[in-house]
Every structure is written in structure tokens, then in C-alpha cells.
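Throughout, protein chains are lettered first and strands after them, A, B, ... in sequence-line order, and every chain is numbered starting at 1.
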2 protein chains.
Amino acid sequence: MRNGSFAYAGGMSRDLPEVPAEVEFALTEDLSFLLARANALSLAAGNAALAAHGLKVRSYSVLMLAAGAQHPSQRGLAEFLRLDPSQVVALVDDLQSRGLIVREPDPSDRRANVVTATDKGRALLAAASASAREAEELLHADLSPQDRAQLVGLLRTIAFPPA
Amino acid sequence: MRNGSFAYAGGMSRDLPEVPAEVEFALTEDLSFLLARANALSLAAGNAALAAHGLKVRSYSVLMLAAGAQHPSQRGLAEFLRLDPSQVVALVDDLQSRGLIVREPDPSDRRANVVTATDKGRALLAAASASAREAEELLHADLSPQDRAQLVGLLRTIAFPPA
DNA sequence: TATTGTTATACTCTATAACTATA
DNA sequence: TATAGTTATAGAGTATAACAATA
């Protein structure tokens with residue numbers, strides 16, 4: 001019997017073995033299951049790596065997008081990150097209170113807030129991204145550069161469907 | 001500047017455009033980001049497909065594993081699904097109260113509960129897995145069978161590292 | 001009328017510790 | 001002394017509705 005989707009925690013509270021030998025089910029061919037488990041590992045590693053910088057995966061994502069050239073609105077952040085706009089408010093509040101980003105009304109649409117990283121934010125981002133990159137490299141340490149590039153391409157088709 | 005990890009919601013509260021045109025950042029090459037976004041889409045689709053059967057991705061996963069030949073313990077479920085054992089209690093409670101699974105003490109270690117699907121549970125699983133499979137096929141509709149097989153293989157290396 | 005950002009609230013999920021019974 | 005399951009609880013994340021300012 002084949003199957004559907006799975007989802008798992010990004011962090012674990014207790015120390016459990018990595019791959020329990022006694023539960024080897026025939027699930028390791030399921031795309032949704034593998035997606036969920038791989039993401040859980042990625043998320044846990046990312047949060048652990050970013051904790052030293054006072055960031056989590058969420059806030060790090062917002063900070064990085066704010067440091068880009070596009071100067072996204074909060075609405076734009078919500079859409080790209082698949083978050084509710086009301087959740088973005090709290091993330092932006094936190095980063096702004098720490099002086100890492102600023103909110104500025106968009107001159108062309110004064111309803112919208114353009115979110116931009118400060119110099120302090122960019123400096124923190126540089127340090128944090130080094131840690132994050134280390135964690136990510138551990139994640140795909142068992143893949144060749146070619147395999148990694150191919151995985152990225154295939155995943156992109158899932159994450160951003162052509163239609 | 002390259003980067004690290006991301007994580008996003010499995011479901012969205014409001015209707016937001018799929019891929020906002022105004023926020024095209026250079027993030028679409030990042031493995032962690034793509035993993036998070038692909039999983040978010042997979043999770044949302046899976047939960048939507050399973051809702052008609054009174055299941056979520058979590059409870060569906062437990063039900064399917066309980067219906068397998070291995071008859072996992074709750075600890076085994078927790079390890080494989082990367083959940084805390086205390087979370088498994090609630091999932092098993094719910095499925096058992098609906099007559100879909102049973103808990104039985106393991107004769108060889110009476111501390112452990114072996115979780116097994118009932119006939120009713122197997123029947124529900126059969127119906128639910130058809131819905132879940134439909135949802136999953138939509139997810140990788142843009143991939144050829146070869147691409148899909150390759151994606152599964154590469155993801156497995158991430159989800160279950162050889163070391 | 002519709003949209004952006006915001007607030008508030010209820011709900012679910014996650015993290016942690018402590019307890020019991022078995023080993 | 002260690003492990004499986006359980007309970008309780010605090011915290012984080014998610015879903016939803018409503019409002020003011022602007023379009």
C-alpha cells in the first residue's frame with residue numbers, strides 16, 4: 001500500500017537515536033515523507049546554528065530578505081515565506097526593536113511598509129549566514145556537487161510549480 | 001550572499017497568490033529554503049486531502065505505520081516520525097478512541113505498547129491513502145517518472161544520512 | 001470596495017520535567 | 001540504574017476575524 005504525506009517536528013526535545021533499527025518500514029520511497037524528514041533535519045540544524053546569533057530560521061529569513069536589493073513589503077515577505085501577514089508583524093517588530101531592520105512607508109503606496117536591513121542588521125546577517133552555511137553543508141555532505149545541483153533543480157520544480 | 005535554512009507554515013489562513021511576482025529574490029537556489037517551501041506545500045496538500053477522512057498528516061502517518069507488518073511500539077513511532085514520545089501518546093489515544101488502532105503490551109517487554117491497526121483502521125487507511133496519493137501526484141505532476149525517482153533517491157540521502 | 005498593516009484571540013504544536021511500571 | 005509510557009504545563013507557532021489608513 002502506497003501512501004501520501006507526512007510531517008515532523010523541526011526540533012526534538014529529547015535525545016533519540018538517529019535511525020532506529022527496529023522500525024525499518026517501507027516508507028523510505030515516499031516523496032512527502034522524505035520531504036518532511038529532510039526538512040525537519042534541516043530546520044533543526046538551522047535553528048541550532050542560528051541560536052548563537054539570537055536568530056531563528058524565521059527571523060533569519062526575514063533579515064536576509066530585508067538585506068536584499070528588492071526591499072520587500074511585509075505583504076511580500078508573507079507571500080514569499082508562506083506566512084500569514086499577522087505573523088510577519090511580530091517578526092518585523094522583533095528585528096526592528098533590536099535595530100536590525102527598519103520599516104519605511106513605500107512612497108508609491110503609503111499603505112505598505114518597506115522593510116530594509118540596517119548596517120547592524122547586515123553585519124549580524126553576515127555572521128549568522130556563515131553559521132547557517134556550515135549547517136547546510138553538513139546537511140548535504142553526502143552528496144556530490146552534481147547531485148546537489150540536481151536536487152536543487154528538482155526541488156525547485158516542486159516548490160515553484162511552472163503552472 | 002548565500003545562506004542557510006528556512007521554514008514555513010504547512011497551511012495558510014488567507015488566500016495569498018502562489019508565487020508573488022514582485023518578490024523574486026535570489027533564494028531559489030538554496031537547498032534549505034526549497035526544502036522548507038516544498039514541504040510546506042506538500043503538508044498543506046496532504047492535510048487538505050486527509051481532512052475528509054478525519055485524519056491529519058500526523059495521525060495518518062501513525063495509522064499507516066500501525067497497519068504495517070512491523071507492529072511498532074510507541075517509542076518506535078516517535079523515533080521514526082521524529083516526534084517526542086509524549087506527543088505520540090495523544091495521537092495514539094485519538095486513533096484508539098475511534099477504534100482504528102489498538103494498544104497491546106509487548107509480551108517480550110511489558111513496558112512497551114505495540115500499536116496495531118484494526119480492520120476498521122485498515123479500511124479507513126485504504127480510503128485515506130487514495131486521497132493522499134492523489135494529492136501527492138499533483139505535487140510532482142511536473143516531474144517525469146525518472147526525475148521523480150531521482151529526487152526520491154537524493155532526498156533519501158538527506159533524510160537518512162549514510163553515516 | 002479592496003488592500004496593507006495591525007491587534008486580539010483561540011487553537012494547535014512543541015519542549016520539558018516528573019511520575020509509574022517494568023527491565 | 002535505565003527505559004517505555006504517561007501526565008502536566010509553559011511556550012511557540014498557526015488560524016481567524018476585525019479594525020484603521022490608504023488605494
Original post:
Hey, is the side chain of A/Arg58 poking within less than 4.0 Å of OP1 or OP2 on D/dT14, counting only N and O atoms?
Top reply: yes
**OP:** For residues A/Ile101 and A/Thr118, determine if any side-chain heavy atom of one lies less than 4.5 Å from a side-chain heavy atom of the other.
**Re:** no
**OP:** Return no unless some side-chain N or O of B/Lys56 is found under 4.0 Å from OP1 or OP2 of C/dC13.
**Re:** yes
**OP:** For B/Leu77 and D/dG5, give me the distance from atom CG to atom P, rounded to whole Å.
**Re:** 9 Å
Original post:
Do the side-chain N or O atoms of B/Gln87 get closer than 4.0 angstrom to the phosphate oxygens (OP1, OP2) of D/dT6?
Top reply: no
Original post:
Taking CD from B/Gln74 and P from D/dT3, how many angstroms apart are they, rounded to a whole number?
Top reply: 18 Å
**OP:** Between D/dT16, C/dT6, C/dT4, spot the one nearest the side chain of A/Ala112, thanks.
**Re:** C/dT4
**OP:** Specify the separation, in whole Å, of atom CG of A/Asn113 and atom C1' of C/dT6.
**Re:** 10 Å
Taking only nitrogen or oxygen atoms into account, show me every contact under 3.5 Å that the protein makes with nucleotides 21-23 of chain D, one pair per line with its distance.
{"unit_1": "D/dA23", "atom_1": "OP1", "unit_2": "A/Arg110", "atom_2": "N", "d": "2.9"}

Original post:
How long is the span from the CG atom in A/Leu81 to the CD atom in A/Glu79, to the nearest 0.5 Å?
Top reply: 10.5 Å
**OP:** Ignoring backbone atoms, test whether B/Arg75 places a side-chain nitrogen or oxygen under 4.0 Å from the OP1 or OP2 oxygen of C/dT22.
**Re:** no
**OP:** Let me know which of B/Leu63, B/Leu125, B/Asn47 forms a side-chain contact (heavy atoms from CB on, under 4.5 Å) with B/Leu55.
**Re:** B/Leu63
**OP:** Using atom CG of B/Asp94 as one end and atom C1' of C/dC13 as the other, report the distance to the nearest whole Å.
**Re:** 15 Å
Original post:
Do B/Arg148 and B/Glu137 sit within salt-bridge range, that is, some charged N less than 4.0 Å from a carboxylate O?
Top reply: no
**OP:** Round to a whole Å and report the spacing from CD of B/Gln96 to C1' of D/dT6.
**Re:** 13 Å
Subject >> B/Ser42 side-chain N/O to B/Ala38 backbone N/O, donor-acceptor pair under 3.5 Å >> reply: no
Subject >> Pairing of A/Asp106 and A/Arg110 as salt bridge, 4.0 angstrom limit >> reply: no
Original post:
How far does CG of B/Leu139 sit from CG of B/Asn39, to the nearest 0.5 angstrom?
Top reply: 9.5 Å
Subject >> Spacing of B/Glu79 atom CD relative to D/dA4 atom C1', expressed in whole Å >> reply: 11 Å
Original post:
Any donor-acceptor pair under 3.5 Å joining the side chain of A/Ser86 to the base of D/dT14?
Top reply: no
Original post:
In whole angstrom, what separates B/Asp84's CG from C/dA17's C1'?
Top reply: 11 Å
Subject >> Whole-Å distance separating the CG atom of A/Leu83 from the C1' atom of D/dT16 >> reply: 16 Å
